[in-house]
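Read through the structure below, which is laid out as structure tokens, and then see the notes.
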There are 2 protein chains.
Amino acid sequence: MARAGLTPELLTRAGAELADEVGFDQVTVSALARRFDVKVASLYSHLKSSHDLRTRIALLALEEMADRAADALAGRAGKDALTAFADTYRDYARAHPGRYAAARYRLDPETAARSAGVRHAQMTRAILRGYDLTEPDQTHAVRLLGSVFHGYVDLELAGGFDHSRPDSQESWVRVLDALDATLRNWPSA
Amino acid sequence: MARAGLTPELLTRAGAELADEVGFDQVTVSALARRFDVKVASLYSHLKSSHDLRTRIALLALEEMADRAADALAGRAGKDALTAFADTYRDYARAHPGRYAAARYRLDPETAARSAGVRHAQMTRAILRGYDLTEPDQTHAVRLLGSVFHGYVDLELAGGFDHSRPDSQESWVRVLDALDATLRNWPSA
DNA sequence: TCGAGTTGCCTAAAGTCTTTAGGAAACTGC
DNA sequence: GCAGTTTCCTAAAGACTTTAGGCAACTCGA
């Protein structure tokens with residue numbers, strides 16, 4: 001029988017597409033096998049387990065987001081950098097909801113340390129260089145930014161802002177305005 | 001054979017405990033049946049489906065959180081109300097991670113409209129009465145608060161702040177300080 | 001280019017979970 | 001105490017995960 005030419009990378013990309021189409025938690029080894037017209041057991045030559053597949057998709061999503069964020073950040077500083085960064089995050093989530101959910105998949109500490117999650121943290125700190133914060137306030141601010149970005153995008157994706165006025169885009173802009181103001185006037189302890 | 005005396009309410013409570021012990025996505029009809037020493041099919045006299053079980057747990061969690069938040073809010077205003085509200089949210093999540101995850105389970109619009117989620121929104125608006133915001137800024141602020149609370153708690157629960165200094169409690173306090181300052185000096189459009 | 005070794009896909013099978021159908025024992029109320 | 005209802009059961013089918021073992025299809029050295 002002709003070989004299908006599967007590789008872990010190919011399966012991961014297809015898994016990411018599947019996630020965007022049907023949701024990250026609907027990504028199964030079975031569904032992926034179906035997509036390649038191959039028996040389920042065959043995939044186990046390339047993937048250790050269902051968890052392995054999910055982890056690979058998560059790492060892919062983190063990489064993609066970090067790459068886009070890095071592009072967006074190039075040559076920007078201050079509020080300009082803040083909004084560019086935040087927008088890539090939100091835009092990615094809306095274009096790729098399954099991948100975004102994947103990026104929130106719980107990784108074990110070693111995997112997380114080797115992931116592009118580290119670059120995210122570095123970029124967040126880079127943005128804060130445009131504001132006048134020193135440790136430990138900078139760390140507090142990193143956590144605030146992470147919370148707002150993740151929280152807003154997550155609620156928006158869950159449909160939380162769907163059926164109320166004003167529309168989400170408007171709130172997003174105003175939330176970023178508020179965040180910028182907060183960073184410029186960070187209250188001391 | 002003696003009856004087990006199951007009811008949807010009993011099963012929901014047990015499901016919530018199970019969620020806190022093993023995680024919300026590990027809550028299955030099978031595991032619940034095991035816990036009551038009863039065959040799986042028996043539970044289908046009380047629950048429509050696995051989705052029904054999850055929905056009930058979600059509604060329970062939303063109720064519990066709203067009740068605690070209402071208690072915490074009684075007699076408080078301004079920053080005092082803000083932190084009390086935020087703390088009940090975070091404390092609940094840390095004490096009941098499975099239930100907290102359940103509260104984020106996607107409900108269909110009608111169910112959501114009948115859920116305690118509505119009370120959460122009302123309480124958030126009540127807190128903002130202590131600040132000087134009018135529509136549509138109040139709505140933007142509601143969304144900001146929801147994002148920060150949810151985002152922070154979610155990241156913290158995912159272990160995002162585990163292995164770095166300063167500890168999460170300290171950041172939480174400073175984030176709430178910053179949020180209070182933001183609301184007091186909300187930037188106009 | 002041909003044989004040896006490796007790899008990739010297969011069948012088979014066991015264990016998990018969900019859900020429905022249909023039956024019998026245990027309750028309920030008249 | 002009997003009729004009707006409810007609750008739990010057995011049985012079964014369908015989906016997903018994972019492992020074991022087999023054979024065909026590649027790869028490479030001689």
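To find a chain, count down the sequence lines: A is the first, B the second, and so on, and within it residues start at 1. This structure is a prediction, so every number in the text was calculated from the model and none was measured.
Remark: aromatic rings of A:Y100 and A:F24 are distant, center separation not under 6.0 Å.
Residues A:T139 and A:R125 bring a donor and an acceptor atom of their side chains to less than 3.5 Å of each other. Between the side chains of A:Q169 and A:R174, not a single donor N or O lies within less than 3.5 Å of an accepting N or O. For the residue pair B:S171 / A:R143, a side-chain donor-acceptor distance below 3.5 Å is found, with atom types taken as modelled.
Proximity of A:R34 to the phosphate of D:dC16: a side-chain N or O atom is located under 4.0 Å from OP1 or OP2. Contact annotation: A:S42 reaches the phosphate of C:dC10 (side-chain N/O to OP1 or OP2, under 4.0 Å). The shortest distance between the side-chain N/O atoms of A:H46 and the OP1/OP2 oxygens of C:dC9 is below 4.0 Å. Contact annotation: A:S50 side-chain N/O to D:dT17 OP1/OP2 distance is under 4.0 Å.
Atom CD in B:Q26 sits about 18 Å away from atom P in D:dC16, given to the nearest Å. Between A:L47 atom CG and D:dT19 atom P the separation is 12 Å, expressed in whole Å. One atom, CG of A:L53, and another, P of D:dT17, lie 9 Å apart when rounded to the nearest Å. Rounding to whole angstrom units, CG of residue B:L43 and P of C:dT20 are separated by 14 Å. Note: CG (A:L10) to P (C:dG8) measures 13 Å, nearest angstrom. Going from atom NZ of B:K39 over to atom C1' of C:dT19 covers 17 Å, rounded to whole Å. The CG atom of A:D25 sits 12 Å away from the P atom of D:dT17 (whole-angstrom rounding). If you measure from atom CG of A:L32 to atom P of D:dA15, you get 18 Å, rounded to the nearest angstrom.
Closest to the side chain of A:S30, from the set C:dT18, D:dT17, D:dC26, is D:dT17. Which of D:dT19, C:dA26, C:dC10 sits closest to the side chain of A:V38 comes down to C:dC10. With distances taken from any side-chain atom of B:R3 to the nucleotides D:dT19, C:dT7, D:dT6, the minimum falls on D:dT6. Residue A:T28 places its side chain closer to D:dC16 than to any other of D:dT19, C:dC9, D:dC16. Proximity note for A:A41 (side chain, C-beta onward) versus D:dC9, D:dA25, D:dA20: the nearest is D:dA20.
The residue B:A31 sits apart from the nucleic acid: no heavy atom pair falls under 4.0 Å.
Using a 4.5 Å heavy-atom cutoff, the side chains of A:V27 and A:L32 are not in contact.
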